[in-house]
Every structure is written in structure tokens, then in C-alpha cells.
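A short write-up of the structure that comes next.
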Amino acid sequence: MQDYKHIGKDFVPPDIAGKVTGEGKYTEDIHAEGMVFARLYTSPMPHGRVTRIDTSAIENMKGIVGVLTADDVPAPEVPDPPILTNHPVYLGEPILAVAAEHESIAEAALARIRVDIEPLPFVVDPLDSVVEGGPNARDEGNIFVRFGEGAGFHTVKWTPEQVAEFRAGKEPSGEFLQEWSYGDLEKGFADAEVILEEPFVTAGYPHMSMEPRTAMAYWEGDTCYVYASSQSQSYWMPGLAKLLDIEQDKLVLVSEYTGGGFGSKFAPYPAAALPGWFSKKVGRPVQLHISREQEFYIGSARAGFQGRIKIGFAKNGRVTAADVAIVEDIGPMTASGNTSAAGGAISVVYDPEAMRWRGLPVITNTTPRGAQRGPGQNQIAAVMAPLIDKAARLLGIDRLEIRKLNATDSSTTVYAEQAPVTSAYLEEALTKGAVEFDWANRSAAPRLRGNVVRGLGIGQAYHSTGVTGYDGLVRITPDGVVHLHSGVGNLGTYSYASVTRAAAEVLKCDWEDCVIHHGRTDRHLPWNSSQAGSNTTFTQTRTNYVAAVDAVAKMKSVAAESLGGSADDYEIDGERVFLRANSGRNMTYAAIAQRAIELGGAYSGQNAPEDINGVTRRAVQALSGTGLIGVAKDTLPQNGIIPGLAVAFVEIELDLETGKYNILDYACVAECGTVVHPQGLSAQMIGGAVWGMGMAGLEKHVYDPQNGLPAHVGFNQCRIPTYLDTPPAIRSSAVDLPDPQNPVGARGIGEPAMGCAAAAVMAAISDALDGHTFSRTPVTPDMIVNHVANRAMSFKPLQTNSF
Amino acid sequence: MATFDVMPDVRLYQPTTLGDALALADEYRELGWLFGGGQDTYGWLKDRVKRPQALIDLNGVGELRGIEALDSGIEIGAVTTLREILADEVVARDFGLLRDAASRVASPQIRNVGTLGGNLVQDARCWYYRRGLDCYRAGGNICYADGPQAMNREHAVFGASRCVAVSPSDTATALVALDAVMRVKSLDGERLVPAAKFFVGPDRGITRMTALKPGELLVSVKIPDDWAGAKFHFEKVADRNVFDFALVSIASALRLEDGVIDDCRLVLGGVACTPHRLHDVERAATGEIPSETLANQLAEAASQGAQPLNYNHFKIPLMQNLVKKVLRG
Amino acid sequence: MKLPHSRRRFIQGAIASSVATSGCSAQRSANTEAAASEVSTEPLELRINGRSHSCTVPPQETLARTLRDELELTGTKVGCNRGECGTCTVLIDGVPNYACSTLTHSVRGRNVTTIEGLRDADGALHPVQQAFIDELAPQCGFCTPGQVMVAVALLSENPDPSREEVRQALSGNICRCGAYEHYINGVLRAAKTAV
């Protein structure tokens with residue numbers, strides 16, 4: 001393994017002190033001079049049309065500064081979510097905002113405003129919309145395909161018989177609009193010794209980050225300053241500028257601290273643009289405070305699945321065929337959908353010899369859905385694990401062995417396209433986890449103690465973890481300081497900082513002495529990817545690498561121009577550039593930077609590469625002449641899917657009489673290439689584990705179908721796992737084998753960290769109940785108690801958004 | 001739909017004597033809101049679901065605080081915090097049932113300030129009611145939780161009468177099992193109300209959860225010696241192990257003589273609008289030796305008469321199982 | 001760029017106007033002696049982090065709001081404002097409380113400690129804060145001040161807690177990032193360094 005100075009070592013991120021001292025400023029902590037306070041008036045019903053807004057009662061209220069309605073903001077192209085609407089499609093959708101000198105005045109005003117809304121038909125369970133005669137959640141139809149063939153709205157209806165057969169887990173004959181496949185499915189099932197067919201449900205539930213997404217904005221001339229709770233940094237610029245209807249060079253986005261995202265803030269959302277419009281209207285800085293309840297409404301949620309899977313296994317346990325069909329609850333705002341990703345995850349984790357995926361993304365009048373930690377991959381991970389176990393039992397194969405047999409390796413081809421992977425070591429992860437968990441002995445130990453039974457589970461999960469084509473930017477100033485510009489958002493992974501260590505590695509400098517620029521676009525940040533899809537580590541170690549390589553090349557050229565010879569004759573180390581043949585002939589980085597300014601041109605950013613993004617170009621322009629600029633677009637070779645893989649082993653103790661279980665032990669292994677930041681990796685693996693435990697046992701949407709009211713709005717009802725719902729100790733480790741397509745060998749991990757936990761816990765519950773598969777997340781105590789007592793479940797088959 | 005987050009304008013009284021507190025309670029009656037820890041107060045006000053004119057903070061009233069040994073048993077002031085109860089040696093020695101119940105209330109911070117009185121008189125957790133809908137309990141004429149498709153996993157299987165909300169208090173079941181007596185005062189004087197009668201169902205008062213009338217104040221809870229040192233069991237089944245209210249809970253006390261049940265109390269929480277005492281099971285168990293057989297014999301009696309709603313029939317096996325845990329010995 | 005600025009000067013006028021428009025003009029007034037116990041909006045003496053502050057606080061105001069808006073102590077974050085997450089935890093006479101669910105007028109004469117009050121006289125971090133850095137305990141950091149405060153209270157009562165005691169003591173604080181393991185390790189590390 002390569003000997004790194006920074007990669008694979010822990011470090012103190014520059015922002016962490018602000019977190020433990022409370023000195024870090026989240027958006028709501030920042031008050032601009034003259035700022036006023038805005039609050040939202042939202043739809044009280046799941047679907048309706050505003051017929052009248054009467055604000056006369058507040059016109060003369062002291063302290064009221066203004067009212068903003070849908071007429072004051074641009075209407076986006078359907079189906080993009082509006083900032084404010086007169087045609088709400090979910091309960092809690094913002095209709096108008098009031099700004100006042102004080103929040104209590106704004107709230108008093110909200111109570112006096114009259115909004116008349118004509119109710120329209122609504123639906124909270126996709127199958128209730130898909131059935132003939134069922135309501136459409138939107139006027140445009142009940143299906144929305146975001147990408148690819150058939151993109152747009154559709155109306156799809158199944159006969160009651162078709163819905164009934166789907167609910168019963170039979171081969172669906174109703175129309176699915178999306179499909180892909182590979183291999184010979186028929187042959188796969190013909191070759192199978194065991195075929196399992198199961199209907200399944202995975203519940204949607206809200207992200208519920210700790211920080212409600214407050215936003216604040218003001219204008220200086222024609223430049224808008226937006227302070228927002230954002231997962232990403234540079235990535236927000238095009239979308240946010242579009243929402244504000246301004247050019248990107250007239251927008252400054254400040255987001256130094258963000259109280260969690262998990263996918264819900266990866267791209268700019270309408271509420272982040274509202275203060276900009278409001279500030280323009282009232283001529284003062286405006287802060288929009290979002291309450292916890294409103295965070296539930298507008299903060300987005302995971303898509304729910306109602307599906308059916310058929311999966312075939314050869315006698316030796318090899319998966320011969322998988323056929324999955326999923327009706328998906330995409331909420332009202334036509335999210336992009338998770339189910340193709342779910343199908344893809346099956347292809348990566350279990351590598352079926354043949355496979356078909358079908359999807360039907362159905363619109364409902366529930367809260368808007370968006371990407372949530374492993375969108376699709378993690379739901380299906382939780383569904384698959386108990387089924388794999390069921391097959392293992394039927395075939396008499398150890399549950400670990402069947403997973404190893406089907407495990408992806410570097411030669412596996414995945415997805416419909418049967419694309420290659422950059423590298424994959426899933427079997428190594430399983431082997432490592434089994435040793436650390438002591439699987440062999442524990443799976444042989446006795447299970448039952450009175451009414452308490454132990455259950456063991458193994459979980460596996462995957463997410464693609466990288467993209468290419470983003471830019472890197474580093475700078476060395478004449479004082480010798482290395483500046484690492486990170487356009488990565490700060491959502492709590494510390495990856496904005498860890499990826500810059502790849503640049504320090506190339507520059508052979510002490511990262512601790514570098515200045516990391518991040519958190520405000522006016523700190524001149526490069527075009528970087530969204531902080532989503534577990535991709536930052538792979539993607540931005542590459543951008544930092546190419547920028548640093550560019551800087552090194554320029555430093556050598558500057559040295560050659562100054563000391564003679566050609567650039568190739570020079571080497572760097574110890575923050576000096578020296579002649580390889582005579583290290584006495586050298587220049588410090590400080591001197592190089594000074595000389596770069598004198599030489600100008602590309603050396604100091606007077607001109608920049610053609611292929612970089614406008615965001616980076618503007619940053620380089622702003623920095624030009626201040627030092628030696630290293631800037632480049634990541635055009636390093638890249639071929640195939642970049643897998644992030646994780647496995648988990650869990651032991652639970654389930655009380656058959658109460659339906660409650662304790663998670664006694666949990667050990668997980670990351671397979672994400674070279675470990676860049678050990679503590680950060682552990683934080684992701686363990687945080688992901690907590691999320692997975694929430695998915696498996698606690699979190700779900702509940703809606704009353706009679707009136708569309710959501711029952712699970714606050715923290716108490718959303719049931720985020722607490723200290724006492726998670727094991728007393730969690731162990732995490734990593735395979736730590738380098739990926740050949742990343743300059744430091746790294747891939748990402750944040751999302752599979754969760755999926756493997758959800759899968760392992762689901763498998764352990766099933767194990768404790770003699771292999772019974774609920775095929776539904778979450779599995780709550782009431783379900784377990786009913787199962788043990790041989791009673792029917794309260795919900796009807798495939799019912800969703802319910803208890 | 002307006003959503004509120006700031007406390008509304010309201011008067012605040014912080015009396016320091018019981019006399020002043022009673023005078024204020026009498027003066028404001030339904031328009032006053034008495035509170036101790038306030039952990040079931042601020043949310044109601046912030047959400048504008050309840051609109052009292054005056055908050056009456058009882059924390060400064062010394063007569064309402066503390067745990068005192070009586071000739072027989074103990075007396076706990078209504079604004080004694082759960083934290084204080086958890087730290088009390090006599091409670092731990094004699095009335096472990098109350099300690100165990102108090103230890104499962106909400107979260108550490110809520111137990112730090114939450115009072116025994118507040119935990120006992122807290123309002124129903126029905127999510128429809130908490131949302132501010134115009135249901136029976138809120139003075140309207142409908143129950144949203146009892147509709148044909150209503151979402152009512154957490155609701156009652158016993159004693160429903162228009163309203164189907166359940167008693168959410170963890171300590172209430174324990175105190176009913178311990179035959180506690182509530183000391184209730186008003187300007188008109190004092191009355192003693194047995195715990196079993198203190199909690200009222202919707203048939204007796206649909207807009208309140210207790211026997212307290214406007215102007216009255218729960219002063220203290222007396223726990224007699226009758227059950228001191230008995231064999232106790234408290235178990236709360238909730239989705240999460242912090243914050244959440246019981247799906248079903250059980251508080252029980254068995255007095256054993258030579259291994260035979262001499263007398264017993266079994267009280268369920270989360271199944272009815274009041275703590276639900278299992279009189280039939282108690283009678284049948286008395287004189288028996290705890291055993292698996294006895295547990296299996298009597299468990300079914302626990303759920304006799306239960307009328308489940310759409311999503312809560314799991315409470316039937318769950319309450320049976322909790323009764324089994326008690327009678328198994 | 002405009003610097004963050006106090007909103008204090010808005011408060012006075014705002015309170016006056018919101019009272020005037022609250023629609024509660026028909027309030028009953030207690031006419032007994034008990035009425036003397038009514039809290040007024042006279043300036044209130046608060047003792048925060050060892051310093052006295054005199055401020056005008058409406059009777060219904062929560063401590064979280066006073067700290068953040070009146071005293072500009074924004075280290076106390078508000079996650080739900082309903083006592084359901086622990087983010088806003090502060091210490092009152094050393095005991096953890098949800099500041100969103102505490103009336104400011106109820107802490108008169110008591111010692112309030114917030115995250116801003118933990119550094120020692122030389123400005124050094126509290127051992128819990130340092131240990132949380134060492135363990136990379138915070139992720140997004142929004143719940144961190146609350147986690148720190150509970151941990152500080154625990155260690156002052158119990159300098160050598162078991163892992164289970166730490167877990168129980170911190171259980172009233174939710175972390176959506178799921179960093180519980182790292183927080184527990186941080187508290188145990190702080191306990192060790194303090195010893």
C-alpha cells in the first residue's frame with residue numbers, strides 16, 4: 001500500500017470546534033441588520049385550489065412589513081416545485097408568507113389572514129390512485145416519469161382485479177411504464193431449484209434533519225446574498241440562481257454550517273429562494289423560519305415502495321434470476337423515483353444471472369419525496385436480506401456462504417447495461433465481518449431463552465459512489481501558504497475537508513498548514529458535485545488531485561523559467577521546487593508564487609483552461625494575480641460503475657411477548673477502496689447503522705386516507721432512533737483495498753452504511769421468528785405481537801402510508 | 001394553515017403559597033392553566049390549540065413539593081419532580097413500582113422538571129386531538145380517530161365513549177395499583193379521591209382526563225403502606241425506549257404468602273382512557289400460586305370485553321402477554 | 001457584507017404591538033391578593049454563565065428564545081421547540097433542561113449554564129468539548145451543544161460513569177446523524193482525561 005502523509009490519517013476538521021462550542025453559525029443564528037422575520041401560511045388540505053386570499057385584516061397591523069404570494073414569484077415549469085402556490089398538491093404546501101418586525105407579529109398576522117381553498121380529490125396510497133376510478137393526485141395525471149423514455153405525466157389505471165392480484169403477490173398484469181432487463185429471465189427461473197415470490201412494502205418517511213431549514217437573504221445592489229441550510233455548495237449555484245431569476249455572478253451563497261441533509265438539501269429547494277424574493281419586495285433582509293412541523297411538510301421524504309419480487313436460486317445458492325416490479329409513492333412533486341436504483345442494487349449486490357425490473361412511479365398528495373440516504377438501494381436491501389435467508393434455509397446453505405457465493409467482485413458486470421465496476425470486494429467484506437462478529441460460533445449458539453429469542457442477521461448494501469468532470473482549484477500565495485478551495489458542502493461528513501488532503505498529498509505539504517476555503521461562494525470555490533450519492537470522496541479527491549497536479553506542473557515550469565532547464569528537470573518536496581540533479585538549486589513555494597504572479601498568464605490565473613465550469617472560471621478570475629493557481633477539470637480516465645459496498649452483522653434479542661427487540665451487537669465493514677479519513681468513515685458507518693435501524697424498526701409515514709392528514713409530523717411521531725434504540729456499542733471496520741480508478745484509491749460509503757444495517761436487522765427479526773418474512777419496513781412491535789399470536793395484520797396487503 | 005412556534009401572549013402567575021395558588025385557580029377556573037414542569041403545556045400553547053388566559057406556575061409553592069413519610073406510607077407533593085422521586089430512598093425501598101414507572105417517563109430532561117402531578121393530569125395524546133381538530137374532546141361533535149379508515153393504532157380498546165383516546169401516564173397505572181389517594185384542594189376545601197376514581201373516562205367527562213374540577217388543584221398523592229415491599233412489575237411497551245408513550249403498559253403488585261398470591265393489583269396503561277384495572281384477573285389470581293399454567297389460564301380474561309379499532313387489535317395479545325409476565329412468577 | 005446584528009431593538013416595540021393585537025382584551029384579572037404573584041414585564045435579573053443580565057422578557061417567553069434573541073447566545077440551538085429532541089438543552093442549577101420548554105421567568109435567581117459558559121478562565125475548552133473533537137463526535141453539529149451540556153452535567157454528578165450510565169444520561173438528546181457511539185466514546189474519554 002502506498003505510503004501517504006495524509007490519506008488514511010485522522011485530522012481535526014477546521015469547523016469542528018465551532019460545533020462543540022456553539023460558535024458555529026447555522027443560518028438561523030445569523031441576523032443581518034434591519035432583518036425582518038417571515039413565516040409561511042400553508043395548505044390545510046392535501047389538494048386544492050386557492051380561490052381567495054384576504055389579507056385586509058393585517059394591512060394596518062403594526063410591525064407587518066409585507067406579504068408575499070404566488071403572484072410575486074415566478075411560476076416554475078410544471079412539475080418543478082413552486083416557491084408559493086395557489087394550487088397546493090400536498091398538505092403543508094406554502095401558499096403565502098408574511099414578514100414582520102418580530103416573529104410573534106408575523107404569527108399573529110398568519111392567524112388573521114383568510115385563504116379560501118376549494119378542495120380537490122386527493123390520494124395518499126398509490127394503489128388507491130392506480131385502481132380504476134381512483135383519484136389522480138394532480139390534474140396532469142397520476143404517474144410521472146422524470147427521466148428517459150416516456151418522461152412526463154401519464155395516467156395509468158389497473159382494474160380492481162389487477163390491483164387485487166398485485167396485493168396478493170401474484171405476477172402483475174397491470175401496466176408498468178418503466179422496464180429494463182438483462183439475460184434470459186425464463187431460463188434463469190427454469191434453472192432455479194428454489195423460487196421465492198413475495199409482495200413487499202417499504203414505508204416512506206421524512207428526512208427530519210435536526211436543523212429546520214431556515215433561510216435568509218438580502219440584496220446589495222443587484223447581488224443577492226442567500227444564507228441557507230444546504231448540503232452542497234457550488235452545486236447549488238445554477239439552480240438557486242434560476243429560482244431567483246438572476247445570473248450566477250449576482251448570487252452569493254453562504255452555508256458554512258448545515259444541520260443535516262441526508263439528501264433533502266442536496267439541490268436548491270424553493271424555500272431557500274423565498275427570502276430573496278421577499279427581500280426584493282420589502283427592501284430589507286428577510287429570514288424565513290421553518291418550524292419543525294413545516295420541516296416535515298416541505299423537508300421531503302423517502303419514496304415508499306409497494307412491490308413484488310420473484311427470485312430464483314440454483315441448488316448451490318447462486319441467484320439465477322430476479323424479477324422485481326415496484327409501484328412507487330413519489331409524492332406530489334414528481335420526484336425522480338427510486339425504483340430503478342433499487343433494481344440496480346439487486347444487480348450489484350446479488351449479481352443475478354438474469355434480471356428484469358419494472359417501475360410505476362405514482363403521484364400522491366403526501367409530502368414531497370426526494371433523495372434520502374440510499375434512495376431505492378436501501379429499501380431493497382431491507383427487503384432482500386430475509387429472502388436470501390429464506391432461500392439459504394430451503395437449500396440448506398449457510399446464510400453467510402450464500403452471500404459470498406453471489407458477491408460482486410471486480411469482474412462482475414452490473415445493471416441493465418451489464419457495465420463493469422471499477423473494483424469490488426464484497427466477499428472480502430463478508431469474510432472480514434464474519435471474523436469480527438464471530439459468525440461461525442454465534443450462528444451455532446442456542447437461540448431461545450423463555451420467551452426471548454436471539455436472532456442473527458447479515459446485511460449488504462450498495463450505492464454508486466462517484467461522478468466525474470468536476471473541477472479542482474488550489475492556490476499558493478507569495479507568503480508560501482497553500483490554499484485549498486473546496487466547493488463541497490458541509491453537511492457533517494467532513495468530506496469538504498478530507499478530499500482536499502488529496503491535493504496536499506500531491507503538493508507534498510502539511511495539510512494542517514493549508515487554508516481550506518469553503519462555505520461561501522465569495523471565497524471563490526470551484527465547481528464541485530453535489531454532496532449526495534456518497535460521491536464526494538471519489539469525485540472530489542479526483543478534482544483536488546488534478547488541480548494539485550496542475551499546480552505542481554506550473555511550479556516546475558516557473559522554476560525552469562527562473563532557474564533554467566526544463567520543467568521536467570524539477571522535483572518538489574518540503575514545499576520547495578528543486579532541480580533533480582542539484583537540489584541546492586531550488587525555490588520555495590513562496591518564491592514560486594511570487595514569480596508566478598510576475599509571469600502572469602495561466603500561472604496566476606489570468607487565463608484558465610477552456611473546459612472548466614463557469615463557476616470555477618469566475619473563482620479563478622477573482623483570484624487571478626494573487627498567487628500560483630492550480631486549476632483543472634477532472635478528465636482522468638473512468639470506466640464503469642463505482643460501487644460503495646457495506647456489510648453488517650447483527651444480533652438481536654426479541655421478546656416474543658412484547659414484540660420488542662434489543663440490538664445486542666452490531667459489526668459492520670465498509671468496502672469503499674482506500675480509507676481516506678478513518679474517523680469520518682467510522683462516523684458514516686455508525687451513523688448509517690442508526691439510520692438503518694430506524695428504517696427497519698421505527699420510521700414511517702402515516703396518513704389518514706379520509707382527510708389526507710399526516711399523523712407523523714413531529715419528532716416524537718417520526719420516531720428517529722434514540723440512544724436507547726440502538727446498541728450500546730457499534731463496531732466498524734473497512735476492507736481498505738484501493739480502487740484503481742481513483743488517484744488515492746478511494747470510493748464513497750455514506751449510503752450503503754445504512755442499507756446494510758436495515759438489511760441485517762430485518763434478517764435478524766426474520767431469524768428470530770423462524771424465518772418469517774414480514775416483507776415490510778418498518779417491522780413494529782404490533783406486527784410482531786400479531787404474528788406471534790397468529791393474528792392477522794391490521795393493514796391490508798400492500799397498504800402503505802398507514803399503521 | 002398557519003403554523004405557530006412562538007408562545008402566545010398569556011398572563012403568568014408564580015404564586016408562592018398554596019392559598020394564592022388556590023385563589024388563582026378559583027379566579028381563572030377554565031381559563032387558567034396550572035402547571036408544574038410544563039412539559040405538557042408549552043406545546044399546546046405554541047400550537048394555539050389551547051388558549052388559556054393565564055398560566056399558573058406552581059413550582060414556587062413549597063407546600064406542593066417534597067416526599068414525606070406518614071405513619072402509614074408516604075405523601076408526595078404534586079410538584080415533586082420525577083427526578084426527585086427517582087432519587088428517593090423510601091420510594092426505592094417500598095414502592096419500586098412507582099420508581100420503575102417514573103423511570104420510563106419520556107426522557108431524562110423531562111423527568112428532571114416533569115412533576116408527578118403533571119404526569120398524572122397530562123392530556124390525551126390522540127394525534128387528531130393534538131392537531132387541534134374539533135373533536136368531542138375539544139368540544140366538538142365528532143371523533144376523527146374512530147372513523148372507518150381512521151389511523152388509530154395507539155387508541156383505546158376499552159371504555160370508549162365517543163372519544164377513543166387512552167390515558168398516557170406511566171405513573172398513573174402504578175399509583176392505581178398501589179391504591180394511592182389523591183389529595184385535591186380548592187377554596188371550598190379538601191377532598192380525597194382514590195386513584196382509581198381520579199382518572200375519568202369520556203363517559204364521565206369527555207373534555208378532561210381526571211376528576212379535577214375547575215378551581216381544584218391536585219395537592220399531593222398519598223401512598224398507603226398496604227403494598228410496601230410487594231412483588232412489583234412495571235413494563236412499558238413503546239416503539240422507542242425514550243420519549244414515546246406506551247402502546248400498552250402494565251403495573252402490578254403481588255402480595256405473596258408462602259408463595260401464594262394473598263392479594264394483587266394488575267393495571268394496564270394505554271388500553272383505555274383511564275388506567276385499566278383487571279379486577280377479574282386479580283380475583284381469579286388471588287389464592288393461586290404464580291405459574292406458567294396460571295398465567296396461561298388467566299391471560300385471556302385480561303382482554304375480555306376489548307373492542308378493537310382498525311389498527312389496534314394487537315393490544316389484545318399484548319395485554320395478555322403482559323399479564324402472563326406478571327402471573328408467571 | 002453586513003455583519004450579523006442584534007434584533008434586540010425590535011423587541012420592545014414588537015411586544016407592545018403584539019399585546020395590543022392579541023385579542024385578549026377581555027382578560028379576567030385576578031382580584032385577590034394572589035394577583036400580586038403575576039409576572040410583569042419589569043426587567044428581569046438573569047444569571048447566565050456566571051454573569052448577571054438584566055433584560056425585559058415577556059411572561060410567556062421561553063428560555064431558548066431569550067438566550068438566542070435577547071442575549072445573542074446562539075450556541076443553544078432549537079431543533080423542534082417542543083421538547084422532543086434535546087438540541088436546546090442547557091443546565092439550570094447544574095441540571096439539564098430543555099430551554100425550549102422552560103419559561104425564562106422560572107429561572108429567576110437560578111444559575112443557567114449554556115454552551116457558551118463552558119470554557120475555563122483561560123478560554124480552554126471543557127474536557128467534554130475537547131473529547132468530542134478528539135472522537136470526531138459531531139457530524140452536522142446541530143445537536144452537539146445539547147449533547148455537550150448533558151455530558152457536562154453527568155460528569156459533574158458522576159465523574160466516572162459506566163458506558164451504560166452515559167447512554168442513559170444522554171438518551172434525551174436525539175442525533176439524526178446517528179453519532180451516538182462517538183458521543184458516548186467522547187464522554188468516556190472526557191471522564192478519563194478529567195481523572
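All values below were derived from every heavy atom in this structure, side-chain atoms included, with hydrogens, water molecules and symmetry-related copies excluded.
- Heavy atoms closer than 4.5 Å to chain A are found nowhere in Val166(C), neither backbone nor side chain.
- Chain A forms more heavy-atom pairs under 4.5 Å with one residue of Leu73(C), Thr144(C), Val148(C) than with any other, namely Thr144(C).
- Only the backbone of Leu491(A) comes within contact range of chain C, judged by heavy atoms closer than 4.5 Å.
- Cation-pi check for Arg176(C) over Trp691(A) is met; the charged atom lies under 6.0 angstrom from the ring centroid and within 45 degrees of its normal.
- Salt-bridge annotation for Arg108(C) and Glu45(C): absent, with no side-chain N of the basic residue lying under 4.0 Å from a carboxylate O of the acidic one.
- Residues Tyr225(A) and Asp522(A) have side chains that never bring a donor and an acceptor to within less than 3.5 angstrom of each other.
- If you measure heavy-atom distances from Glu23(A) to chain C, the contacts under 4.5 Å come from the side chain alone.
- Side chains of Thr74(C) and Lys25(A): a donor on one and an acceptor on the other come within 3.5 Å.
- Contacts of Ser209(A) with chain C are made by backbone atoms alone, with heavy-atom separations under 4.5 Å and no side-chain atom involved.
- A salt bridge between Arg373(A) and Glu751(A) is absent, with no side-chain N of the basic residue lying under 4.0 Å from a carboxylate O of the acidic one.
- For the options Ile115(C), Ile184(C), Leu136(C), heavy-atom pairs under 4.5 Å to chain A are most numerous at Leu136(C).
- Residue Asn185(C) does not touch chain A at all, counting heavy-atom pairs closer than 4.5 Å.
- Ranked by heavy-atom pairs under 4.5 Å with chain A, the first of Arg119(C), His126(C), Glu164(C) is Arg119(C).
- Side-chain polar atoms of Glu61(C) and Thr66(C) form a donor-acceptor pair below 3.5 angstrom.
- In this structure, no portion of Arg82(C) lies under 4.5 Å from any heavy atom of chain A.
- Using a 4.5 Å cut-off between heavy atoms, Thr726(A) contacts chain C through both its backbone and its side chain.
- Interface residue Pro721(A): backbone and side-chain heavy atoms are both found under 4.5 Å from chain C.
- With a 4.5 angstrom heavy-atom cutoff, Ser682(A) touches chain C via backbone and side-chain atoms both.
- Of the N and O atoms on the side chains of Tyr723(A) and Gln147(C), at least one donor lies less than 3.5 Å from an acceptor on the other residue.
- Chosen from Gln168(C), Glu116(C), Lys77(C), the residue pairing most often with chain A at heavy-atom distances under 4.5 Å is Lys77(C).
- Residues Arg523(A) and Glu256(A) are paired through a salt bridge, judged by an N-O separation under 4.0 Å between the basic side chain and the carboxylate.
- Of the atoms belonging to Thr87(C), it is side-chain heavy atoms, and not backbone ones, that fall under 4.5 Å from chain A.
- Ranked by heavy-atom pairs under 4.5 Å with chain A, the list Gly86(C), Cys175(C), Cys143(C), Cys140(C) is led by Cys140(C).
- A donor atom on one side chain and an acceptor atom on the other are not found under 3.5 Å apart for Ser495(A) and Ser498(A).
- Contact annotation for Val20(A): both backbone and side-chain heavy atoms come within less than 4.5 Å of a heavy atom of chain C.
- The choice from Pro145(C), Ser171(C), Gly75(C) that makes the most heavy-atom pairs within less than 4.5 Å of chain A is Ser171(C).
- With a threshold of 4.5 angstrom between heavy atoms, Glu135(C) approaches chain A through N, CA, C or O but not through any side-chain atom.
- Leu118(C) does not touch chain A: none of its heavy atoms, backbone or side chain, sits under 4.5 Å away.
- Between Phe11(A) and His677(A), the gap from one ring centroid to the other is short of 6.0 Å.
- Using a 3.5 Å distance cut-off with no hydrogens or angles, the side chains of Asn49(C) and Thr114(C) do pair a donor with an acceptor.
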